[in-house]
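See below for the structure under consideration.
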Amino acid sequence: MAKSSTVYSLVPGLVLCALVMVMGILGAEGVGYLLLATGVLAEGSASPISGIFVAIILGILIRNFLPLPDTVAYGVGFAVQYALRAGIILLGFRLSLTEAVKLGVW
């Protein structure tokens with residue numbers, strides 16, 4: 001029974017991390033639309049700001065300026081320790097694989 005309670009204690013923190021991720025993606029798109037509307041970017045250009053970058057900045061701001069309730073601390077810690085590291089590794093793998101294909105390894 002202890003394992004299921006541990007899994008359930010992860011959920012609030014993981015939901016908070018997912019919300020920050022979605023806010024980061026939407027924030028990056030918003031910056032892109034703003035830059036298009038002001039004429040800084042050419043028509044049809046993608047946002048120069050990554051959703052990952054915005055999510056990281058939001059996470060830093062939330063963590064430093066808002067108290068983290070105990071109910072979400074365990075899930076956020078898990079996300080930082082395991083999910084974020086796994087995501088960085090997978091992102092690096094994707095970039096490496098893309099570069100290898102561009103270079104004609106296969």
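Starting from 1, each residue takes its place in the sequence as its number.
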- Item | Residue D70 excluded, over 12 heavy atoms near CG under 6.0 Å | no

- Message: Surrounding CD1 of I62 (heavy atoms of other residues, nucleotides or ligands, distance under 6.0 Å), is the total greater than 12?
- Response: yes

Locate the shortest heavy-atom distance separating [X] from [Y]; write the atom from each residue and the value.
X: T38; Y: L35; answer: OG1-O, 3.2 Å
X: L36; Y: E43; answer: CD2-CA, 4.1 Å
X: M23; Y: V54; answer: O-CG1, 4.5 Å

[X] [atom1] to [Y] [atom2] distance, which is reported to the nearest 0.5 Å:
X: F65; Y: I60; atom1: CZ; atom2: CD1; answer: 10.5 Å
X: Y74; Y: L14; atom1: OH; atom2: CG; answer: 10.0 Å
X: S50; Y: I56; atom1: OG; atom2: CD1; answer: 7.5 Å
X: L61; Y: L66; atom1: CG; atom2: CG; answer: 9.0 Å
X: M21; Y: L19; atom1: CE; atom2: CG; answer: 9.0 Å

Side-chain atoms of residues 79-92: list all donor-acceptor pairs with protein atoms under 3.5 Å, sequence neighbours left out, distances to 0.1 Å.
residue: R85; atom: NE; partner: Q81; partner atom: O; Å: 3.4

- Cluster question for you: counting only ILVMFWY and a side-chain heavy-atom cut-off of under 4.5 Å, with indirect links fine, are F78 and V20 together? no

- Message: Are F53 and V31 linked, directly or through intermediate hydrophobic residues, by side-chain heavy-atom contacts shorter than 4.5 Å (ILVMFWY only)?
- Response: yes

- Item | side-chain contact (heavy atoms from CB on, under 4.5 Å) partner of L16, chosen from V76, T71, V11 | V76

